[in-house]
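No hydrogens, no waters, no symmetry mates; every other heavy atom, side chains included, goes into these values.
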Amino acid sequence: MRDLDDDDLAYFLATGIGDIVRGTRAGGLLHGRSLARVANEVAQRWCDEVLSVHRPDDGTLSEGVSDDPSRLEKSRVWIIDVIDGSKEFSTGRSDWSVHVALVVDGRPALASVGLPDAGRVFRTDQVHYVDGPPSGNMVISRNNPPAGIGEVAGALGLKTRPMGSAGAKMLSVLLGDADVYLHAGGQYEWDQAAPVGVALASGLHASRLDGTPIRFNKSDTYSPDILVCRPDMTEQVLAAAAAMQP
């Protein structure tokens, strides 16, 4: 059996999941919710089997899988979202992503985020953000834009650009197509763990809207908000985001 280090395992998981999910579109035989359901189930089963073979002692947390409370007693936990942006995937859009993160003692130790329709996987040991001129864009949720986001964008002099998955939005900041990704209104750990891991490893700022670090492997997997931005904009974005806090 091949002995993989954690970085390679995360990368191959993200790559394999992306290949499986895209394969379920073959021939246009399934559509909509049926396509999303089958793609999620098949990719998750493969992912679970790989982790049971290669990391049997680690904990796991995935969307759509019954939560095993024993993960709370483990230092190492894999947090997976095989399709972040199921609506985008099932309707033929490309702004969906694959999330694979290894969290150690509540913090993302490494991660891979895949954009399967673009044929790209971004991994924490081989990533740097594009430090070019500001784009003037803020990416926001396409399906659930935060209340008050227009005022925040206006205060920062940015245009809002709706996109699908959290991973796709974070990667748009990493690639320099946007300066800020901001969301309030709730997500879950599997939405955030891998994007936060890759963002931090690339040199971007990633935190809660109040500037505190985002912690993972909690008993309550709900996470109320997230901010990813260029590091040179952190202070001004946090100040503008403070107006959104209840």
For the student: nearest non-hydrogen atoms of [X] and [Y], plus distance:
{"X": "Leu110", "Y": "Ala10", "result": "CD1-CB, 3.7 Å"}
{"X": "His128", "Y": "Leu174", "result": "O-CD2, 4.0 Å"}
{"X": "Ala14", "Y": "Ser112", "result": "CB-CB, 3.9 Å"}
{"X": "Ser207", "Y": "Gly211", "result": "OG-CA, 3.6 Å"}
{"X": "Leu204", "Y": "Val228", "result": "CD1-CG1, 3.9 Å"}
{"X": "Val180", "Y": "Val173", "result": "C-CG2, 3.8 Å"}

Backbone N or O of [Y] within a donor-acceptor pair of the [X] side chain at under 3.5 Å?
{"X": "Glu88", "Y": "Ser165", "result": "no"}
{"X": "Gln236", "Y": "Leu156", "result": "no"}
{"X": "Lys159", "Y": "Gly136", "result": "no"}
{"X": "Arg45", "Y": "Asn40", "result": "no"}
{"X": "Arg22", "Y": "Ile17", "result": "no"}
{"X": "Asn144", "Y": "Ser141", "result": "no"}
{"X": "Arg25", "Y": "Gly92", "result": "no"}
{"X": "Thr212", "Y": "Arg208", "result": "no"}
{"X": "Ser172", "Y": "Lys169", "result": "yes"}
{"X": "Asp84", "Y": "Ser97", "result": "no"}

Using a 4.5 Å cut-off on heavy atoms from C-beta on, say whether the side chain of [Y] contacts that of [X].
{"X": "Trp78", "Y": "Leu9", "value": "yes"}
{"X": "Val98", "Y": "Asp81", "value": "no"}
{"X": "Leu238", "Y": "Leu227", "value": "yes"}
{"X": "Gln192", "Y": "Phe216", "value": "yes"}
{"X": "Val100", "Y": "Ile79", "value": "no"}
{"X": "Arg107", "Y": "Pro213", "value": "yes"}
{"X": "Ser94", "Y": "Leu115", "value": "no"}
{"X": "Asn137", "Y": "Asp179", "value": "no"}

Side-chain heavy atoms nearer than 4.5 Å, only ILVMFWY residues, links allowed to pass through others: does that put [X] and [Y] together?
{"X": "Ile214", "Y": "Val104", "result": "no"}
{"X": "Val139", "Y": "Val196", "result": "yes"}
{"X": "Ile226", "Y": "Leu200", "result": "yes"}
{"X": "Tyr188", "Y": "Ile80", "result": "no"}
{"X": "Val21", "Y": "Val50", "result": "yes"}

Check your understanding: Under the side chain to side chain contact (heavy atoms under 4.5 Å, CB included) criterion, do Arg93 and Lys87 qualify, and how do the steps go?
Key -> CA-CA 8 Å; Arg93 294 176 60 92; Lys87 181 181 293 185; over 6 Å; no
Exercise for review: Test Val121 against Val113 for side chain to side chain contact (heavy atoms under 4.5 Å, CB included), laying out the working first.
Suggested key: CA-CA 6 Å; Val121 177; Val113 175; over 6 Å; no
Could you give the distance from [atom1] ([X]) to [atom2] ([Y]), rounded to the nearest 0.5 Å?
{"X": "Glu189", "Y": "Asp67", "atom1": "CD", "atom2": "CG", "answer": "9.0 Å"}
{"X": "Phe12", "Y": "His54", "atom1": "CZ", "atom2": "NE2", "answer": "10.5 Å"}
{"X": "Ser90", "Y": "Leu35", "atom1": "OG", "atom2": "CG", "answer": "6.5 Å"}

Hey, are [Y] and [X] close enough side-chain-wise for a donor-acceptor pair under 3.5 Å?
{"X": "Ser62", "Y": "Gln44", "answer": "yes"}
{"X": "Asp177", "Y": "Ser135", "answer": "no"}
{"X": "Asp225", "Y": "Gln187", "answer": "no"}

Revision key, fill the gap. The single option from Ile140, Leu171, Asp95 that satisfies side chain to side chain contact (heavy atoms under 4.5 Å, CB included) with Met163 is Asp95
Going by an N to O cut-off under 4.0 Å, is there a salt bridge joining [X] and [Y]?
{"X": "Asp57", "Y": "Lys74", "value": "no"}
{"X": "Asp8", "Y": "Arg123", "value": "yes"}
{"X": "Arg71", "Y": "Asp58", "value": "no"}

**Study point:** side chain to side chain contact (heavy atoms under 4.5 Å, CB included) evaluation trace for Thr234 with Cys229
**Key:** CA-CA 6 Å; Thr234 301; Cys229 68; 3.8 Å; yes
Practice item. For atom CD of Glu235, decide whether the heavy atoms of other residues, nucleotides or ligands shown that lie under 6.0 angstrom number more than 12. Key: no
